[in-house]
Amino acid sequence: IDTSMDGAHVLMALSGVSARVFDVEEKALLFELEAHEAELITARFVRGDEEILTVSEDGHAIRWDREGEMLGEQRIGESLDKVAVSEAGDRFAVSTQGGELLLCGAEGETRKRLSEQVALEEMLFLDDDRVLLGRDESGAVHLWQCEGEPDARQLELSGPVMAVAARPE
C-alpha cells in the first residue's frame with residue numbers, strides 16, 4: 001500500500017497481477033492497473049506523485065501516469081524477490097531470486113550490479129537516495145553507495161536485526 005503525498009489517493013498492489021488506485025475522500029476506485037503476467041511485488045507513487053511504478057516477480061517494471069495509462073515498460077530479465085524504490089522515483093533496487101542485487105533506473109534499465117550472493121529480506125534508500133540499506137536473512141545489515149563504485153559495507157552489530165526503517169528529516 002502507498003499513499004499519494006497529498007493523501008488524496010491510495011495505491012494497492014493486490015494479490016495477483018494488478019494494482020488499484022482509490023480516491024480517499026470519495027471512497028471510490030479510480031482505476032485498475034493491469035498489464036503484468038506475474039505476481040506484483042511493489043506498486044509505488046513516484047516522481048512527486050506524477051507517476052506510478054509497478055514491478056512483478058518476473059522482472060517486469062511498468063511506469064504509469066496518474067490516470068492509469070502506461071508510459072513505458074522494461075523487462076529486467078531476472079526473477080525478483082524484493083524491490084526498494086527511491087523517494088525521487090528515479091531508481092529502484094531489486095534483489096533477484098539468484099541472490100544478485102541490481103540498481104535500476106526509472107525506466108527499468110540495469111545501471112549496476114551492487115552485489116552478488118546476498119539474499120535480502122528488506123531494502124530502503126537513505127541519504128537522498130545515495131545509499132541503499134539492506135537486511136539479509138541472517139539479520140546482518142549492509143550499506144551500498146549508489147553513486148560511483150558500488151562500495152559495500154556490512155555494519156558490525158551485536159546481534160541480528162529484525163527490521164529496518166528510516167525517518168525523513
Side-chain angles (χ1 to χ4, degrees), residues 1-96 100-114 120 122-135 143-148 150 163-169:
I1 297 177
D2 195 18
T3 57
S4 59
M5 292 165 60
D6 62 5
H9 298 109
V10 173
L11 171 62
M12 300 175 77
L14 305 174
S15 178
V17 298
S18 63
R20 292 182 180 162
V21 177
F22 294 90
D23 182 289
V24 173
E25 189 173 303
E26 298 293 322
K27 297 182 179 80
L29 173 66
L30 295 176
F31 52 86
E32 192 161 352
L33 305 170
E34 298 179 297
H36 288 277
E37 298 167 3
E39 186 89 15
L40 283 182
I41 54 177
T42 196
R44 290 277 310 271
F45 288 107
V46 296
R47 296 186 173 179
D49 286 352
E50 294 300 315
E51 297 179 10
I52 296 168
L53 174 71
T54 57
V55 182
S56 56
E57 287 178 341
D58 61 356
H60 191 190
I62 303 175
R63 289 182 314 106
W64 311 83
D65 68 15
R66 282 296 297 266
E67 283 76 46
E69 296 297 319
M70 187 186 297
L71 296 172
E73 61 184 320
Q74 179 75 28
R75 296 199 183 266
I76 298 168
E78 303 276 347
S79 294
L80 307 181
D81 226 7
K82 303 281 186 248
V83 176
V85 180
S86 69
E87 277 302 311
D90 64 338
R91 63 180 74 164
F92 59 97
V94 296
S95 175
T96 71
E100 287 189 294
L101 181 59
L102 307 174
L103 184 65
C104 301
E107 309 299 321
E109 74 282 5
T110 301
R111 288 186 178 168
K112 68 170 83 170
R113 293 188 188 291
L114 295 177
L120 296 176
E122 291 182 275
M123 298 182 293
L124 56 96
F125 284 92
L126 303 170
D127 192 22
D128 292 326
D129 301 334
R130 293 185 298 236
V131 174
L132 180 69
L133 180 138
R135 180 181 61 84
L143 297 170
W144 291 272
Q145 290 289 100
C146 297
E147 307 293 328
V164 294
R167 181 176 55 181
E169 294 181 25

**OP:** Might you point out which heavy atoms bring L103 and C146 nearest each other, and give the distance in Å?
**Re:** CD2-O, 3.7 Å
Subject >> E51 (side chain) donor-acceptor with D65 (main chain) under 3.5 angstrom >> reply: no
Subject >> Separation between CD of E122 and CG of L124, rounded to the nearest 0.5 Å >> reply: 7.5 Å
Original post:
Would a 4.5 Å heavy-atom cut-off, applied to side chains only, mark M123 and L101 as touching?
Top reply: yes
Original post:
Quick check: does any side chain N or O of S4 sit under 3.5 Å from a backbone N or O of H9, one acting as donor and the other as acceptor?
Top reply: yes
Original post:
Should R75 and D58 count as side-chain neighbours, where that means a heavy-atom distance under 4.5 Å?
Top reply: yes
Original post:
Stepwise, does the side chain to side chain contact (heavy atoms under 4.5 Å, CB included) test hold for V131 with Q145?
Top reply: CA-CA 5 Å; V131 174; Q145 290 289 100; 3.3 Å; yes
Original post:
What distance separates I52 CD1 from R66 CZ, expressed to the nearest 0.5 Å?
Top reply: 6.5 Å
Original post:
Of the non-hydrogen atoms in D6 and A8, which two are nearest, and what is the gap between them?
Top reply: OD1-N, 2.9 Å
Subject >> Minimum side-chain heavy-atom gap C104-V94 below 4.5 Å >> reply: yes
Original post:
Which atoms form the tightest heavy-atom contact between E78 and L102, and what is the distance?
Top reply: CG-CD1, 4.0 Å
Original post:
Sub-3.5 Å donor-acceptor pair from the side chain of D129 to the main-chain atoms of A88, do we have one?
Top reply: yes
Contacts under 3.5 angstrom, residues 29-38 side chains, donor-acceptor by atom type, not counting sequence neighbours:
residue : atom : partner : partner atom : Å
E32     : OE1  : R20     : NE           : 3.3
E32     : OE2  : S18     : OG           : 2.9
H36     : ND1  : S56     : OG           : 3.0
H36     : NE2  : T54     : OG1          : 2.7

Original post:
In Å and rounded to the nearest 0.5 Å, what is the CD to CE distance from E87 to M5?
Top reply: 8.5 Å
Original post:
Sequence neighbours excluded, which residues qualify as side chain to side chain donor-acceptor pair (under 3.5 Å) partners of D49?
Top reply: none
**OP:** With rounding to the nearest 0.5 Å, note down the distance linking CZ in F125 to CH2 in W144.
**Re:** 11.0 Å
Subject >> Under the side chain to side chain donor-acceptor pair (under 3.5 Å) test, residues paired with T3 that sit two or more places apart >> reply: none
**OP:** Output all residues satisfying side chain to side chain donor-acceptor pair (under 3.5 Å) with E100, sequence neighbours left out; order by chain, then residue number.
**Re:** R113
Original post:
Do you know which two heavy atoms are closest between A93 and L132, and how far apart they sit?
Top reply: CB-CD2, 3.6 Å
Subject >> Distance (rounded to the nearest 0.5 Å) between L120 CG and D81 CG >> reply: 9.0 Å
Original post:
Of all residues at least two apart in sequence or in a different chain, which pass the side chain to side chain donor-acceptor pair (under 3.5 Å) check with D127?
Top reply: R130
**OP:** Decide yes or no for I1 and V10: does some side-chain heavy atom of the first lie under 4.5 Å from some side-chain heavy atom of the second?
**Re:** yes
Subject >> Results of side-chain contact (heavy atoms from CB on, under 4.5 Å) for E26 - residues two or more places apart only >> reply: D23, A28
Original post:
Just how far is it from atom CD1 of I76 to atom CZ of F92, taken to the nearest 0.5 Å?
Top reply: 4.0 Å
